[in-house]
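Presented below is the structure to which this report refers.
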Amino acid sequence: MNRRQLLQLGTAAVAGVGLSGRLYAAPVGGPRFLLVFLRGGYDSTNVLIPYASSYYYEARPTIAIAKPDATVAAGALALDGDWALAPALRDTIGTMYAQRQAAFVPFAGTDDLTRSHFETQDSIELGQPINGARDYRSGFMARLSDTLMSASAGGSPAIAFTDALPLTFQGGTSVPNMSLKNLGKPPFDERQARILTDMYAGHRLQPAVANGLELRQEVAQAMAEEMRTAGRDAINTKGFELEAERMGKLMRDSYRIGFIDVGGWDTHVNEGGSQGALASNLSGLGRGLQAFAQSLGAEWNNTVVVVLSEFGRTFRENGDRGTDHGHGTVYWVLGGAIQGGRVAGAQQRLERGSLFQDRDYPVLNDYRAVLGGLFRSLWGLSPAQCERIFQQTAPQDLGLV
């Protein structure tokens with residue numbers, strides 16, 4: 001590893017600490033918010049199942065999930081007279097729903113009609129009006145973080161659990177990003193750490209580098225110990241499930257605002273129904289979110305999690321027993337103290353004639369309005385502060401927080 005690479009790693013080490021060189025510590029009791037971005041456009045129609053719609057079963061002859069049946073313990077979970085939850089989430093998110101710690105917002109999304117993964121992901125992460133020019137230096141979570149930082153001396157420390165800083169955190173106050181995928185081993189060996197320390201000796205960043213190295217070393221050691229003691233159950237050893245537990249601990253102790261993206265949701269071929277590729281992804285996601293909630297401990301009651309995707313998928317299945325890029329989708333809202341246990345927001349019957357462009361869920365609940373309403377309730381934001389985060393959008397109060 002050469003000097004330039006070590007300097008880059010030193011900069012990464014600094015990212016784990018505040019500008020003052022001290023590790024962040026979020027006060028007990030402060031609101032927490034985590035955004036989980038499902039990249040690839042997940043098929044929300046096979047998560048929140050519109051089982052009251054006969055057209056759902058007509059449009060999905062091979063991948064539709066059977067109607068709830070009280071005699072089938074592992075089947076879909078009826079939430080109300082119109083909606084049911086996928087069996088893959090029954091024991092995780094379904095349990096939260098029964099405890100009023102989970103809610104769903106169907107017909108949600110953006111007015112972006114490109115149906116392009118990248119275009120729509122950018123549009124959502126920026127959170128800017130569709131009819132204006134895009135400013136790629138101003139993501140909505142960066143504006144949220146800056147707004148909260150301006151409102152109080154301590155602010156709300158933010159972090160992205162990603163390999164690179166996501167677009168939504170671009171601009172404004174510096175936000176650290178930390179991939180948790182390879183935290184089982186230390187990021188620097190003793191020789192590299194010593195070289196980095198020597199390189200920054202006498203520099204104004206020396207305290208920050210030292211603290212950053214210490215933080216990463218401590219986290220790596222803790223995760224290595226967890227891996228050694230874990231059994232064969234994958235919930236503690238790989239994928240999002242393990243990352244979620246780590247994230248919960250960091251947000252419990254050090255951060256108030258977080259972001260993570262999870263890939264693998266582009267199901268054009270062999271999607272499956274109650275079992276298959278989508279169901280497998282949902283099972284891991286559900287267990288991960290459950291682990292995240294549990295690792296927060298008492299702070300789960302101060303936390304709100306929103307799970308979203310760039311768009312939904314076509315209401316009809318395609319010729320490859322999958323689904324194609326769609327429009328409206330379903331958002332999840334989770335939290336220990338939310339007013340959950342319900343399907344919220346504007347809704348309509350799902351029949352052949354009510355689909356958007358004869359193929360998709362329409363968007364009846366604008367994502368900026370939904371998120372703006374949650375932020376306003378969580379932090380007591382003023383109209384001017386809400387406008388700073390989401391311009392030209394009035395917050396929508398769904399009564400969830």
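Values below: every heavy atom of this structure, side chains too, minus hydrogens, waters and symmetry copies. When a residue number appears, it is its place in the shown sequence, counting from 1. Quantities reported herein were computed from a predicted structural model and do not represent experimental measurements.
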Would Phe356 and Leu113 count as a side-chain contact (heavy atoms from CB on, under 4.5 Å) if you check the C-alpha gap in whole Å, the side-chain angles of each, and the deciding distance to 0.1 Å? CA-CA 11 Å; Phe356 177 72; Leu113 294 178; 3.6 Å; yes

Might you work through the side-chain contact (heavy atoms from CB on, under 4.5 Å) test for Gln128 and Gln392, ending with a clear yes or no? CA-CA 9 Å; Gln128 299 167 10; Gln392 302 176 26; over 6 Å; no

Test Asp324 against Arg359 for salt bridge (Lys or Arg N to Asp or Glu O under 4.0 Å), laying out the working first. CA-CA 10 Å; Asp324 298 320; Arg359 55 176 281 164; over 6 Å; no

Take Thr114 and Phe311 through the test side-chain contact (heavy atoms from CB on, under 4.5 Å) and record every step on the way to the result. CA-CA 10 Å; Thr114 63; Phe311 43 61; over 6 Å; no

Would you check, one step at a time, whether the test side-chain contact (heavy atoms from CB on, under 4.5 Å) holds for Val401 with Phe375? CA-CA 9 Å; Val401 177; Phe375 296 161; over 6 Å; no

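Applying the ring-ring contact (aromatic ring centres under 6.0 Å, His included) rule to Phe140 yields the partners Phe390; only residues at least two apart in sequence or on another chain are considered. Under the ring-ring contact (aromatic ring centres under 6.0 Å, His included) criterion, Tyr367 pairs with no residue, sequence neighbours left out. Residues passing the side-chain contact (heavy atoms from CB on, under 4.5 Å) test with Gln170 are Leu165, Leu167, sequence neighbours excluded. Shown here are the ring-ring contact (aromatic ring centres under 6.0 Å, His included) partners of Phe315, two or more places apart in sequence or in another chain: Tyr55. With sequence neighbours excluded, the residues satisfying side-chain contact (heavy atoms from CB on, under 4.5 Å) with Ala279 are Ala88.
Between the side chain of Tyr57 and the backbone N or O of Lys67, at least one donor-acceptor pair lies under 3.5 Å. When atom types are taken as modelled, the side chain of Thr323 and the backbone of Arg313 share no donor-acceptor pair closer than 3.5 angstrom. Gln396 places no side-chain N or O within donor-acceptor distance of the main-chain N or O of Asn365, the cut-off being under 3.5 Å. Under a 3.5 Å cut-off, the side chain of Gln348 and the backbone N or O of Ser354 do form a donor-acceptor pair. Between the side chain of Ser123 and the backbone N or O of Glu119, no donor-acceptor pair lies under 3.5 Å. One N or O on the side chain of Glu310 and one on the backbone of Gly40 form a donor-acceptor pair closer than 3.5 Å. Side chain of Ser377 to main chain of Gly373: a donor-acceptor pair is present (N/O by atom type, distance under 3.5 Å, no hydrogens or angles). Proximity of a side-chain donor or acceptor of Asp112 to a complementary backbone N or O of Ile130 within less than 3.5 Å is not detected. Judged by distance alone, with hydrogens and angles left aside, the side-chain atoms of Asp366 form a donor-acceptor pair with the main-chain N or O of Arg368 at under 3.5 Å. At distances below 3.5 Å, at least one donor-acceptor pair connects side-chain atoms of Tyr97 with backbone N or O atoms of Gly341.
Under the 3.5 Å distance criterion, with hydrogens and angles disregarded, no donor-acceptor pair is assigned to the side chains of Trp379 and Gln385. The closest side-chain donor-acceptor pair between Thr162 and Asn177, if any, does not fall under 3.5 angstrom.
Across Arg115 and Gly326, no two heavy atoms sit closer than the pair CG-O, 3.4 Å. Across all non-hydrogen atoms, the minimal contact from Arg60 to Thr314 is NH2-O, 3.0 Å. Taking all atoms of both residues into account, the shortest heavy-atom contact from Asn318 to Asp320 is OD1-N, 2.8 Å. Here the shortest heavy-atom pairing between Leu400 and Ala103 reads CD2-CB, 3.8 Å. The minimum heavy-atom distance between Ser145 and Ala158, with the atom names listed, is OG-CB, 4.0 Å. Smallest separation of non-hydrogen atoms from Ile65 and Ala86: CD1-CB, 4.3 Å.
Just one residue in the list Asp43, Val36, Leu38 forms a side-chain contact (heavy atoms from CB on, under 4.5 Å) with Ser309, and that residue is Leu38.
Salt-bridge formation is not detected for the pair Asp135/Arg143: no Lys NZ or Arg NE/NH1/NH2 atom is positioned less than 4.0 Å from an Asp or Glu carboxylate oxygen.
Relative ring orientation between Tyr42 and Trp265 is described as perpendicular, the plane-to-plane angle rising above 60° on a 0-90° scale split at 30° and 60°.
Applying the salt bridge (charged side-chain N to carboxylate O under 4.0 Å, His left out) rule to pairs touching residues 343-356 yields Glu58-Arg352, Asp82-Arg349, sequence neighbours excluded.
Remark: Gln121 CD to Asp261 CG distance equals 8.0 Å, nearest 0.5 Å.
Within a 6.0 Å radius of CD in Gln99, other residues, nucleotides and ligands contribute more than 12 heavy atoms.
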